[in-house]
Amino acid sequence: MASKESDRISSAQQTLDILYDISQLLNTGLDRETLATCVSMIESGVNPEALAAVIQELRREKAALTARANEKAS
Amino acid sequence: MPSVSASLTALVQNLVPESRNDERLASELTALCQEVLNSHIGQTRESDVGHLAELVKRHLQQTSPSGVSALRFTNLLSRLLEQPVLSRKHASILFLHSLGSSQHSASASSAFLPSLAPPPPNRPLPPATISKDLPAVSNKQSGKPKAQLLREYRAKIGRPHLAEALLLRDALYILQGISGKHVLLSDKRDSSEDRNLIFRDDPLHIISASNRTLIHRLAELGHLYTRVATFVQEREGKSGVGMIEQSLCFYLQSQLTEYFRLIAILESQMVATSNSEGADDAGQNPRDEETGLTLKRLEVWIDEWRLRLRMMSVCVEGCRDSHGGALVNLIHSYTENGDPFVRKFTDELLEEVSKPFFATLHTWLFSGELHDPFSEFFVALDSEVAQMQHHPIANGGGLLSGDGGFGGGSGDGDDLSGEKEGGLLLWERKYEFRKEMLPTFVGEPFGRKIFSTGKSLNFIRYSCHDSDWVATREKMSNTGGILQYSDIAGLERSIDAAYSVASQRLFDVFFDKFRLLDHLKALKHYLMLGHGDFADQLMEALGPSMSKPANTLYRHNLTATLETAIRSSNAQHDPPDVLRRLDARMLEYSHGEIGWDVFTLEYKVDAPIDTVLDPDGMIKYLKLFSHLWKMKRIELALSQAWMKIAGGARNFLRVPALTYDWHKVRIVMAEMIHFMRQIQAYCQLEVIECSWQSLLDFIHKKEGDLDALMQAHRNYLDRMVKKVLLLSPKAGREENLLNQVRELFQIILQFRDATDRFYDYSLAEAAMLDSEKDYGRGVYTSAAPTSERSKSSADTLAQIRQNMEEYGTSFSERAQTIVHSLQTHPDLDCRFLGIRLSFSDFYKSKRDLQQQKA
């Protein structure tokens with residue numbers, strides 16, 4: 001049982017590695033952790049394109065925040 | 001779903017680290033994300049991984065054209081697909097891809113001005129999409145794109161643009177010439193040439209101008225398609241459509257099938273689009289636009305076909321008023337095109353279309369048969385001539401071929417008028433060369449060769465009854481490969497080969513089997529008096545009866561005389577086949593003509609020799625004969641007279657009173673003999689032998705075809721006629737010189753008669769002198785001369801003298817005129833005759849003398 005569990009984990013790890021590679025290749029700018037989160041979300045049935053939009057939104061939000069922070073700082 | 005929201009929170013915290021401290025911001029963002037996730041972005045169809053992979057690869061190609069990354073992606077993907085863990089690999093890839101490509105576009109331009117960003121080639125801007133679906137957020141973030149504003153405005157006033165997808169279906173219909181729902185073809189069936197497009201605007205939707213233009217452009221194909229399809233259908237139903245046209249139709253049909261295939265593919269694409277789209281009129285789903293069909297894409301897809309259909313339509317147009325070879329010509333004229341596409345298309349088309357042409361060419365070139373049921377070949381059969389030949393040679397009885405074959409010899413050689421419809425007519429008129437039907441890629445010289453080759457074969461087969469040879473040839477040549485358009489060089493080679501073989505064979509047949517050369521020789525020997533002994537014999541044998549009136553002569557007598565002449569001369573060694581053809585007969589005579597005027601020798605030829613020795617030529621031979629025969633007669637008359645004078649000299653020389661007259665007679669006669677000898681020598685040596693030599697040269701060369709042979713023979717004959725008869729090229733005065741010469745002959749004959757009378761008179765005088773002398777010696781040998789008798793004899797003498805004087809001077813004058821006009825004769829040989837006649841400037845000095853006297 002334990003070996004099967006470890007198998008599953010290692011294969012999941014491999015999968016994640018591959019996905020990360022693809023992600024790098026496509027220049028998505030995701031780190032491993034975020035990617036894992038996203039993949040698990042997709043696996044649970046989230047619409048992938050919507051998720052992509054979410055990531056976009058969040059990044060934009062982040063950019064806006066940083067810009068505002070910079071303005072305040074200056 | 002709690003796990004999702006948890007993950008979402010983690011995500012938010014991950015990406016926006018500020019939210020870890022700021023609870024409000026975190027919850028706001030999470031809510032926003034939740035909203036986005038619940039929206040309907042990309043509720044896509046079940047598209048397969050392969051397609052997706054293709055999209056990703058294309059994307060990668062664009063970002064890094066080296067192709068390394070695309071390759072790497074393929075590897076990674078295959079490894080991923082082997083992994084058992086994920087259940088939604090496709091979705092993950094899609095996610096990464098959307099993120100990656102949006103990242104790319106975002107990096108290419110400012111995220112705040114999405115409407116100005118250049119659209120990525122295969123994907124519309126997602127930011128714009130998002131801003132539509134999430135107006136609140138995007139309003140916060142950026143201004144709306146102008147197009148979006150416009151669209152919304154239109155929607156507000158209730159006249160949105162008609163969705164492209166709907167138009168797309170109509171466009172596909174229009175490509176096939178069918179009216180659609182929104183775009184109709186005007187229904188004017190009569191003037192089907194220009195059916196207009198009608199856009200039906202329903203009040204709710206309008207069709208935008210750009211789409212209209214696009215559809216107009218697409219509609220051209222529909223129009224062309226209709227035209228071609230109608231043409232093909234028309235031709236299918238009709239009978240009597242030429243083979244070339246049939247193959248054109250076949251080609252067009254296969255092309256149209258290709259076209260349908262393309263349309264079917266396009267349609268399946270469209271169906272895929274509309275399925276996923278459902279009732280979504282706006283058609284704004286980015287996924288669909290990425291993969292599906294739009295009017296613009298349709299335009300691109302169809303573009304190659306536009307040109308192709310245009311070409312086809314041109315062919316169809318050309319087909320309306322040209323036919324057969326001319327049609328091939330028309331198509332061929334498009335192969336001279338710089339555009340490789342057009343060239344390739346026409347080459348293919350021509351390859352297909354010219355097949356029946358080459359099939360016909362093949363049978364024509366190698367077996368001499370014309371299989372051209374729709375008269376498309378550039379050789380046409382004159383059915384009248386073919387019909388005329390009710391020859392028993394079985395010809396397979398092909399209904400369509402209509403090829404009656406050359407008729408052979410008609411059997412009875414006596415009927416000259418029947419003979420006229422013989423070989424020559426068949427050769428010249430049975431087949432006709434139609435230049436306008438000749439494909440230009442063959443070229444006219446080759447066309448002529450082909451024409452002549454087939455004609456020769458046909459002729460060998462049907463007129464020379466040598467079909468075995470032709471059949472063998474055909475079998476042999478069949479192994480030499482097929483003629484086709486793409487191998488023009490090979491075609492030319494085979495044409496050349498076939499041509500030389502056929503004409504060689506035709507020559508052989510003519511010269512070996514039908515002994516043309518023997519016949520030509522016979523004509524030269526008999527009709528042109530080449531056999532001197534024969535001519536002399538004939539003349540001698542005929543001489544007495546020739547002076548009788550023509551109506552007292554009988555043909556059987558003539559033929560008997562001819563027979564005798566042949567027997568008693570070297571002519572008897574000639575082949576019997578030649579002698580059999582020789583015949584003597586009388587021309588049509590009128591009252592008062594004597595035998596000399598109407599007698600003629602004749603040489604009978606039958607088919608197929610009469611192709612070369614045609615009736616016209618025979619008439620020329622007869623003309624020559626009659627002239628030469630006259631000359632011969634004069635010559636004979638003169639030589640007989642000369643002999644008489646020379647022989648009788650001892651009789652009349654005893655009459656001293658007449659010695660001077662006899663001297664004068666001899667001078668005149670010598671002049672005449674000189675004239676005749678020169679003119680005869682000229683005819684035989686300068687003209688006939690020279691022409692014969694050039695004809696022989698031609699024959700030995702064995703070049704050219706039957707036409708060339710006929711031409712050579714005709715030249716030979718024409719040359720002789722022109723020079724022997726001293727014809728001048730001046731119109732209306734061709735025979736001036738000839739008439740003068742004939743008059744001269746007449747004068748010589750008259751002079752000879754006068755000389756004969758004078759001879760008789762001299763004899764009588766001499767006898768009288770003798771008896772007078774005897775009387776003086778007291779010997780009475782005859783009655784004593786009376787004064788009346790001497791008076792009458794003095795009158796006769798004066799008369800005879802006057803006659804001889806007259807004839808002598810008129811001969812001299814005429815000979816002088818003749819020499820004079822010969823000197824200015826345009827023909828060099830004739831001029832040379834003039835020089836010969838007056839070699840020592842005899843006539844010139846005479847004229848000078850006269851002028852001095854005057």
Side-chain angles (χ1 to χ4, degrees), chain A residues 4-73, chain B residues 1 3-4 7-8 10-12 14-18 25 29 32-33 36-44 56 59-60 63 69 72-73 76-77 79-80 83-88 90-104 106-107 111 126-127 129-130 134 137 141 286-287:
Chain A
K4 195 156 193 193
E5 187 66 19
S6 70
D7 268 6
R8 220 180 70 84
I9 288 170
S10 77
S11 78
Q13 191 60 39
Q14 267 183 16
T15 314
L16 193 61
D17 282 350
I18 294 167
L19 280 174
Y20 183 67
D21 279 352
I22 295 178
S23 150
Q24 291 293 93
L25 200 60
L26 285 168
N27 196 20
T28 52
L30 294 173
D31 56 17
R32 218 174 252 275
E33 197 184 336
T34 321
L35 182 65
T37 319
C38 291
V39 170
S40 66
M41 280 172 82
I42 289 166
E43 281 300 294
S44 58
V46 170
N47 179 352
E49 282 172 84
L51 189 57
V54 164
I55 302 284
Q56 294 280 337
E57 277 306 308
L58 287 177
R59 279 192 182 144
R60 197 171 302 158
E61 201 69 21
K62 163 99 169 37
L65 279 175
T66 340
R68 238 176 287 159
N70 285 349
E71 268 169 36
K72 272 179 197 163
Chain B
M1 27 184 152
S3 66
V4 170
S7 318
L8 204 58
L11 208 57
V12 167
N14 238 345
L15 285 170
V16 190
E18 288 89 341
L25 181 63
L29 284 177
L32 170 64
C33 296
V36 172
L37 286 183
N38 291 338
S39 74
H40 287 284
I41 296 179
Q43 295 287 328
T44 47
V56 175
H59 170 71
L60 283 173
T63 46
S69 50
R72 205 164 148 233
F73 171 75
L76 287 172
L77 185 67
R79 271 166 61 197
L80 178 66
Q83 294 297 326
V85 181
L86 293 182
S87 61
R88 296 184 170 208
H90 162 249
S92 306
I93 303 283
L94 183 57
F95 162 71
L96 288 176
H97 172 56
S98 347
L99 200 55
S101 55
S102 61
Q103 198 78 2
H104 169 70
S107 66
T129 321
I130 293 160
L134 300 165
V137 181
Q141 300 292 324
R287 199 74 14 233

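Order of the sequence lines sets the chain letters (A, B, ...), proteins ahead of strands, with each chain counted from 1. Side chains are part of it too, since the values below use all heavy atoms of this structure and drop only hydrogens, waters and symmetry mates.
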Partner set under side-chain hydrogen bond (donor to acceptor under 3.5 Å, both in side chains) for Glu43(A), not counting sequence neighbours: Ser87(B)
Inter- and intrachain pairs under salt bridge (charged side-chain N to carboxylate O under 4.0 Å, His left out), touching residues 20-35 of chain A, at least two apart: Asp17(A)-Arg32(A)
Rounded distance (nearest 0.5 Å) linking atom CG of Leu80(B) with atom CG of Leu19(A): 5.0 Å
Min side-chain heavy-atom separation Val46(A)-Phe95(B) under 4.5 Å: no
From Met41(A) atom CE to Cys33(B) atom SG, the distance as rounded to the nearest 0.5 Å: 8.0 Å
Largest heavy-atom contact set with chain B, pairs under 4.5 Å, which of Ala63(A), Ser23(A), Ser40(A): Ser23(A)
Any Leu35(A) side-chain heavy atom under 4.5 Å of Leu96(B) side chain: yes
